[in-house]
Amino acid sequence: MSSDLVNSDFSQRVAIDTASLPWLPSPQAGVERRMLDRIGGEVARATSIVRYARESAFPAHEHGLGEEFLVLEGVFSDEHGDYRKGTYVRNPPGSRHTPRTDPGCVILVKLRQMHAGDSQRIVIDTASGTWQPGEASGHRRQRLYSAGSGGEIVTLERLDPNARLDAYECSGGEELFVLAGDLHDEHGHYGAGTWLRSPHGHRHSLSTRAGATYWSKRGHLTGSQ
């Protein structure tokens with residue numbers, strides 16, 4: 001498979017233990033990535049795990065169709081602030097920054113996946129966020145972003161030990177990233193670090209034995225995107 005096309009068929013379900021993927025070099029020394037999906041070369045619609053070495057930086061750049069990331073480890077910084085583990089950031093189309101880190105960091109990042117008219121910048125420290133009741137007993141969530149009725153919704157979610165979400169349809173598609181614990185569905189078992197992408201119309205349930213915390217993005221995968 002070409003490195004310009006990685007899991008580029010969005011009609012297909014994908015489940016990846018990201019720890020099993022190699023770290024690939026980026027054009028900038030000290031910055032590596034694990035590619036989850038990608039369409040394009042260095043300017044690409046992409047979902048990746050990106051690792052910055054201690055005291056590394058990336059040159060100033062603009063995000064033509066936006067950038068969205070969740071800090072998984074360490075502290076990510078730019079001229080706008082410092083973002084610790086658990087911080088969720090949306091930089092809208094046309095935004096510009098110069099990333100750096102002092103202690104090193106790992107982020108889950110999505111590039112060029114916003115609408116051109118999306119102008120809202122969002123920074124949320126989920127470590128201090130409020131958990132709201134979810135869809136079932138033992139299910140809680142923090143809402144991070146909503147595009148409105150029928151549109152994209154991004155959340156952080158928790159399932160208590162032995163909790164279950166009954167089968168539901170992934171209308172508009174779904175991505176999950178397991179941050180802690182374990183998830184199960186009809187297709188398998190997913191530990192921390194697993195990334196799941198389900199196409200529009202896919203149905204599955206979710207359950208856990210030990211409890212789970214996971215990032216979720218829904219309603220954003222329609223047609224060829």
Side-chain angles (χ1 to χ4, degrees), residues 1-28 31-52 58 63-73 88-91 93 106-115 118 144-145 147 151-157 168-180 182-206 212-225:
M1 177 183 294
S2 166
S3 61
D4 289 355
L5 294 175
V6 178
N7 294 319
S8 57
D9 183 351
F10 293 93
S11 70
Q12 299 298 308
R13 179 181 176 275
V14 182
I16 298 174
D17 174 9
T18 63
S20 68
L21 296 178
W23 287 108
L24 302 175
S26 79
Q28 185 66 26
V31 181
E32 301 171 299
R33 56 205 176 185
R34 287 170 164 161
M35 297 182 182
L36 305 182
D37 68 32
R38 192 174 189 89
I39 300 175
E42 280 309 314
V43 178
R45 182 217 186 276
T47 303
S48 310
I49 307 292
V50 178
R51 179 171 68 179
Y52 284 74
F58 207 87
H63 294 292
L65 286 175
E67 172 194 57
E68 172 186 21
F69 65 87
L70 178 69
V71 182
L72 304 177
E73 299 176 18
Y88 172 75
V89 177
R90 286 177 73 94
N91 291 319
V106 179
I107 62 175
L108 170 66
V109 60
K110 299 179 72 64
L111 298 173
R112 301 183 65 81
Q113 297 179 43
M114 295 181 187
H115 296 291
D118 188 345
L144 306 179
Y145 172 79
E152 174 188 343
I153 297 175
V154 184
T155 59
L156 196 67
E157 306 196 17
Y168 61 91
E169 182 174 320
C170 301
S171 179
E174 175 188 74
E175 288 180 60
L176 304 177
F177 187 83
V178 183
L179 298 166
D182 64 89
L183 283 178
H184 307 258
D185 68 6
E186 295 83 349
H187 306 285
H189 164 83
Y190 316 106
T194 302
W195 176 72
L196 300 168
R197 191 186 72 200
S198 299
H200 171 68
H202 177 79
R203 286 183 62 84
H204 69 156
S205 61
L206 287 177
T213 301
Y214 55 98
W215 173 90
S216 166
K217 186 178 179 77
R218 298 185 175 100
H220 61 300
L221 296 174
T222 58
S224 61
Q225 60 176 323

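Heavy-atom basis, side chains included; hydrogens, waters and symmetry copies ignored. The structure displayed is predicted, hence computed values, not measured ones.
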Students often mix this up, so state it plainly: with edges at 30° and 60°, are the rings of His184 and His189 parallel, tilted or perpendicular? tilted

Are His204 and Cys170 close enough, and set up right, to give a side chain to side chain contact (heavy atoms under 4.5 Å, CB included), and what steps lead you there? CA-CA 8 Å; His204 69 156; Cys170 301; 3.9 Å; yes

The single option from Glu175, Glu174, Glu152 that satisfies side chain to side chain donor-acceptor pair (under 3.5 Å) with Lys217 is Glu152

Straight-line distance of Thr18 OG1 to Trp195 CH2, nearest 0.5 Å: 10.5 Å

Looking at every non-hydrogen atom in both residues, tell me the closest pair between Arg112 and Ala44 and how far apart they are. CD-O, 3.3 Å

Yes or no on side chain to side chain contact (heavy atoms under 4.5 Å, CB included) for His202 and Tyr168, after CA distance, side-chain angles and deciding distance? CA-CA 8 Å; His202 177 79; Tyr168 61 91; over 6 Å; no

Within-4.5 Å side-chain heavy-atom neighbours: Leu176 and Ser216: yes

Test item: Glu67 and Val109 side chains (from C-beta on) under 4.5 Å apart, heavy atoms: yes

Worked verdict on Glu68 versus Tyr88 for side-chain hydrogen bond (donor to acceptor under 3.5 Å, both in side chains): CA-CA 8 Å; Glu68 172 186 21; Tyr88 172 75; 2.6 Å; yes

So which heavy atom on Pro93 is nearest to which on Asp118, and how close? CD-O, 3.0 Å

Test side chain to side chain contact (heavy atoms under 4.5 Å, CB included) on His115 and Leu65; report intermediate values, then the result. CA-CA 7 Å; His115 296 291; Leu65 286 175; over 6 Å; no

A side-chain contact here means heavy atoms from C-beta on lying under 4.5 Å apart; do Leu24 and Pro22 qualify? yes

To the nearest 0.5 Å, tell me how far Met114 CE sits from His63 NE2. 9.0 Å

Rounded at 0.5 Å granularity, tell me how far CG in Leu221 sits from NE2 in His200. 10.5 Å

Would you please test Trp215 and Val154 for side chain to side chain contact (heavy atoms under 4.5 Å, CB included) and show each step? CA-CA 8 Å; Trp215 173 90; Val154 184; 3.4 Å; yes

Under the side-chain hydrogen bond (donor to acceptor under 3.5 Å, both in side chains) rule, what do Glu157 and Thr155 come out as? Steps first, then yes or no, please. CA-CA 6 Å; Glu157 306 196 17; Thr155 59; 2.7 Å; yes

For Leu72, which residues count as a side chain to side chain contact (heavy atoms under 4.5 Å, CB included) partner, sequence neighbours excluded? Ile49, Leu70, Val106, Leu108, Phe177, Leu179

May I ask you to test the Arg51-Glu73 pair for a side-chain heavy-atom distance under 4.5 Å? no

Flag the pair Arg34 / Ser48 as yes when at least one side-chain heavy-atom distance between them is below 4.5 Å, and no otherwise. no

Might you point out which heavy atoms bring Val50 and Trp23 nearest each other, and give the distance in Å? C-CZ3, 4.2 Å

Could you check if a side-chain atom of Arg197 sits within less than 4.5 angstrom of a side-chain atom of Phe10, using non-hydrogen atoms only? yes

Are Tyr214 and Thr194 close enough that some pair of their side-chain heavy atoms sits under 4.5 Å apart? no

Test side-chain hydrogen bond (donor to acceptor under 3.5 Å, both in side chains) on Asp185 and Tyr190 and set out the steps. CA-CA 9 Å; Asp185 68 6; Tyr190 316 106; 2.7 Å; yes

Distance (rounded to the nearest 0.5 Å) between Leu196 CG and Leu206 CG: 8.0 Å

Residues Glu186 and Arg203 bridged, charged N to O under 4.0 Å: no

Which atoms form the tightest heavy-atom contact between Asp37 and Asn7, and what is the distance? CB-O, 3.6 Å

Please report the C-alpha distance between Gln113 and Thr47 in whole Å, then the side-chain angles of each, then the deciding distance to 0.1 Å, and finally whether the side-chain hydrogen bond (donor to acceptor under 3.5 Å, both in side chains) criterion is met. CA-CA 9 Å; Gln113 297 179 43; Thr47 303; 3.2 Å; yes

Separation between OG of Ser198 and CD of Gln12, rounded to the nearest 0.5 Å: 11.5 Å

Could you tell me which non-hydrogen atom of Ser8 sits nearest to which non-hydrogen atom of Arg38, and how far apart they are? CB-O, 4.0 Å

